[in-house]
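Only one structure is covered here, and it is reproduced in the block below.
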Number of protein chains: 2
Amino acid sequence: MITLTERQSLILKAIVRDYTEGGNPVGSKSLVQELPVKVSSATIRNEMARLEDLGLIVKTHLSSGRIPSIKGYRYYVDHILKPEKVDGQDLKVIQHSLGGEFHKIDEIVAQSADILSQLTSYTTFTLRPELKDSRLSGFRLVPLGNHQVMAILVTNNGDVENQTFTIPNDLSGDELEPVVRFIDDQLIGLPLQDVLRKLQKEIPLKLAKYLQDPKGFLDIFGSVLSKAASERFYVGGKLNLFNYTNQQNPRELQSLYSLLDQTDNLANVIGPPGQHIQVRIGNEITNDLLKDYSLITATYDVDQHGKGMIAILGPTAMPYSRMIGLMGAFQQELARKLLDYYRYFDE
Amino acid sequence: MITLTERQSLILKAIVRDYTEGGNPVGSKSLVQELPVKVSSATIRNEMARLEDLGLIVKTHLSSGRIPSIKGYRYYVDHILKPEKVDGQDLKVIQHSLGGEFHKIDEIVAQSADILSQLTSYTTFTLRPELKDSRLSGFRLVPLGNHQVMAILVTNNGDVENQTFTIPNDLSGDELEPVVRFIDDQLIGLPLQDVLRKLQKEIPLKLAKYLQDPKGFLDIFGSVLSKAASERFYVGGKLNLFNYTNQQNPRELQSLYSLLDQTDNLANVIGPPGQHIQVRIGNEITNDLLKDYSLITATYDVDQHGKGMIAILGPTAMPYSRMIGLMGAFQQELARKLLDYYRYFDE
DNA sequence: ATTAGCACTCTTATTATTAGAGTGCTAATA
DNA sequence: TATTAGCACTCTAATAATAAGAGTGCTAAT
């Protein structure tokens, strides 16, 4: 367990701030002018040598200024940083952007990723509240003519998922009725997870009474059901990658783009909802592609509707204090907006 | 009007090929070995000087080899190039990728952009067949409970567009029936364009008979209608931008990404369906961001269902002959697949 | 009309050179 | 004992010098 003196702590803090803002290694002379303590550059050099022994700062070459190490950022985030109070202007942007009228949870969540990326100039991810408590509250099959049927699935949270299918013969409402009634009787009110499970087991057997060929229908139902039960990440500010990634290596940028395009991979990167706000720096992120970046993740809580996540991906040299302040505010605003939205469907 | 001798033509062709494949300016000595004509490098230098006078090739500096100019590519494409017969392997890829079962036109068209970008390693655009002849063939309002209604619009081509709306009060089917009936009576069978027009004029008045507050409904209907009537470009191989753009200038890459993300801008870039296959090189493209690239566009024809477009964006130094061959094959395969698909709804 | 020969140009890679920023260490100081 | 001034030393980044190689245009001979 590392403990720093007051002065060492001030120096580390100044190094983190300077490097984060300017992007250049920080030398003892420039620190003299900024520190609230009046000491000479030689003293600062001595202190810096100690911070380096502790592994909190490193040199880029033998006689260069210092930059924070992963460990240094870690110490800064854990012991020094105070979340910055969020800017009034920023708060307005958030509230205004979330203030509009939305017709889907996913619209709100996707919009959130965009707002956050705009405010931070980094790349952001959002995940809607977990679906594990969602229950099936309605299922419809709407014949559209032209050999087409639309399957619509509704949950108690107001989520709607639909898909159109092409079928060999036109169906009339009459033929579909017993099937829909079967679903209504047997499955309405159950958690989606349970429905998914039953779909593997009992349903096929029972359904055989109503339909001579349940296969086609089961495909349709399963398809729209798993669509509704799947977790989707939204990504905002992909273009911002150009601003903070290493410009010398276009391949890396390309790989990152590719990673962010495959949203089903993101669950592994960002991990399950955990602590309130978590900061992972450099190689603390499990994904190798991100070992030179930092990831701030936060869980937001929408009461009985479950928990969702928001995350910011940026360089290790990030203004953590501002970011964490922003995360806190966003968490709240998003949770509030969603509670508001859900209220409709709880009545 | 430029006319080249046989030998000059051979030289230009060789320069285009070499530069396209190798990416380096082409000198007289390397040409000696490749040309089917037996002449010395001095002779070739003389001919090259003439081609340069004509503006077909240029030097990158005073004593460098030559590269084709825009004008040179133009001449090559117009007078020298022969479309390359498409590779059997490639044809298989196309047919296999389009062979699956699709439930929407847009899926086929989006998939097409991906296949084509995969085959070319460039960036591609696809536009579905024009909707101008699409007619409204069905309209449904499905109450979902929870203050939600889904509006579904179907066209005679089997296109389905839907949108979910949140409304203040729950509606029963009974209340919606007269409205849907009104749509059925008055609008079914009309081209979408006409419906859109009527929506601005007569409909609001007539509808007032059935609903005390037609505003909300008109918004819903208008929204899903314009969604159905809008043209959407699909973009494939955005990541390929990394392969063929100028790596020295990340800003440019970022701007291009940004351009391709705003798919509503693409209509201006690509233009309306025109000639069979059109090649635009460098500044022949109206968009300034693309003045160092080439764009090959092609129109595909699905008979009475209208015309759509496919396009390839790549560097000016492109293997035009292969690309044009590929375009031809793709045009055919896509048109065939779509005809096949539409056949369902024509019956 | 073609070609061999040659001086000339320009690029690219390699090597020197230099100014500047920063360090660590020693010895003096409070 | 903690701090500081002073200085030799290291490394980067920018600039300049040099050389090899590829290619050209032009002239004079074929």
Side-chain angles (χ1 to χ4, degrees), chain A residues 3-12 14-19 21-69 72 246-248 317, chain B residues 3-12 14-19 21-69 72 246-248 317:
Chain A
T3 317
L4 298 187
T5 65
E6 183 68 22
R7 192 166 68 189
Q8 285 167 343
S9 183
L10 282 172
I11 291 175
L12 178 56
I15 291 175
V16 169
R17 175 163 45 76
D18 279 20
Y19 183 60
E21 285 172 8
N24 296 315
V26 186
S28 53
K29 279 181 199 149
S30 55
L31 283 176
V32 171
Q33 298 162 9
E34 303 178 22
L35 283 183
V37 198
K38 283 283 165 290
V39 284
S40 76
S41 69
T43 307
I44 295 186
R45 276 202 290 286
N46 289 333
E47 293 283 42
M48 285 168 95
R50 235 159 294 156
L51 288 174
E52 187 169 6
D53 288 343
L54 292 170
L56 298 177
I57 57 180
V58 292
K59 299 187 242 196
T60 59
H61 60 89
L62 198 62
S63 71
S64 76
R66 308 303 213 293
I67 65 175
S69 66
N246 176 8
Q247 300 284 359
Q248 309 319 318
Chain B
T3 315
L4 298 187
T5 66
E6 183 67 21
R7 194 167 65 189
Q8 285 166 344
S9 183
L10 282 172
I11 290 175
L12 178 57
I15 291 175
V16 168
R17 175 163 45 77
D18 279 19
Y19 183 60
E21 286 172 8
N24 296 313
V26 185
S28 53
K29 279 178 198 152
S30 57
L31 283 175
V32 171
Q33 299 161 9
E34 303 178 22
L35 283 183
V37 198
K38 284 284 166 288
V39 285
S40 76
S41 67
T43 308
I44 295 186
R45 278 204 288 288
N46 289 335
E47 293 284 41
M48 285 167 93
R50 235 159 293 155
L51 288 175
E52 187 169 6
D53 289 342
L54 292 169
L56 298 178
I57 57 181
V58 293
K59 297 188 244 197
T60 59
H61 61 87
L62 198 61
S63 73
S64 76
R66 308 302 213 293
I67 65 175
S69 66
N246 176 9
Q247 298 285 359
Q248 309 319 318

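Proteins get letters first, then strands, A, B, ... in listed order; numbering begins at 1 in each.
- Considering all non-hydrogen atoms of both residues, B/Ser69 and B/Gly55 come closest at OG-O, 2.6 Å.
- Looking at heavy-atom distances under 4.0 Å, A/Lys29 makes no contact with the nucleic acid at all.
- The minimum heavy-atom distance linking A/Ile11 with A/Leu35 is given by the pair CG1-CD1, 3.6 Å.
- At a threshold of 4.0 angstrom between heavy atoms, the contacts of A/Ser28 are confined to the sugar-phosphate backbone, with no base atom among them.
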Apply side-chain contact (heavy atoms from CB on, under 4.5 Å) to residues A/Met48 and A/Ile15 and explain how you reach the verdict. CA-CA 10 Å; A/Met48 285 168 95; A/Ile15 291 175; 4.1 Å; yes
Between protein and nucleotides 1-3 of chain D, what N or O pairs are separated by less than 3.5 Å?
{"residue": "D/dT3", "atom": "OP1", "partner": "A/Arg7", "partner atom": "NH1", "Å": "3.0"}
{"residue": "D/dT3", "atom": "OP2", "partner": "A/Arg7", "partner atom": "NH2", "Å": "3.0"}

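- A straight line from CD1 of B/Ile44 to C1' of C/dA1 spans 14 Å, rounded to a whole angstrom.
- Taking every heavy atom of both residues into account, A/Leu12 and A/Leu51 meet most closely at N-CD1, 4.2 Å.
- For the pair A/Met48 CE and C/dC25 C1', the computed distance is 16 Å after rounding to whole Å.
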Within the 4.0 Å limit for protein heavy atoms, which parts of nucleotides 6-12 of chain D are touched? Write it as a string from 5' to 3', B for base, S for sugar-phosphate only, - for none. B---BSS
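- In this structure, B/Ile15 atom CD1 and D/dG23 atom P are separated by 12 Å, rounded to whole Å.
- The phosphate of D/dG25 (OP1 or OP2) has a side-chain N or O of B/Arg66 nearer than 4.0 angstrom.
- In terms of heavy-atom proximity, B/Leu10 sits nearest to B/Pro36 at CD1-CG, 4.0 Å.
- Between B/Leu54 and B/Leu4, some side-chain heavy-atom pair lies under the 4.5 Å cut-off.
- Distance CD (A/Glu52) to C1' (C/dG24): 11 Å, rounded to an integer number of Å.
- At whole-Å resolution of the value, CD in A/Gln33 and P in C/dA21 are 12 Å apart.
- Residues B/Arg66 and B/Val26 have side chains not in contact (no heavy-atom distance under 4.5 Å, counting atoms from C-beta outward).
- Annotation: the span from A/Gln247 atom CD to B/Gln247 atom CD amounts to 10.5 Å, rounded to 0.5 Å.
- Closest of all the heavy-atom pairs between B/Pro68 and B/Val16 is CG-CG2, 3.8 Å.
- Across the protein-nucleic acid pair, A/Lys59 atom NZ and C/dG22 atom C1' stand 9 Å apart, rounded to whole Å.
- One atom, OH of A/Tyr19, and another, C1' of C/dA21, lie 16 Å apart when rounded to the nearest Å.
- Between the side chain of B/Ser28 and the backbone N or O of B/Ile44 there is no donor-acceptor pair closer than 3.5 Å.
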Nucleotide N/O of nucleotides 28-30 of chain D paired with protein N/O under 3.5 Å:
none

Might you list the N or O atoms of the protein lying below 3.5 Å from N or O atoms in nucleotides 13-21 of chain D, with each pair's distance?
none

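- Every residue meeting the salt bridge (Lys or Arg N to Asp or Glu O under 4.0 Å) condition with A/Arg7, not counting sequence neighbours, appears here in chain and number order: A/Glu47.
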So what is the 5' to 3' dot-bracket string for DNA chain D, if pairs are Watson-Crick or G-U wobble with both distances under 3.5 Å, crossing pairs use [ ] and | means the partner sits on another strand? ||||||||||||||||||||||||||||||
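- Here the closest non-hydrogen pair linking B/Val32 and B/Ser40 is CG2-C, 4.0 Å.
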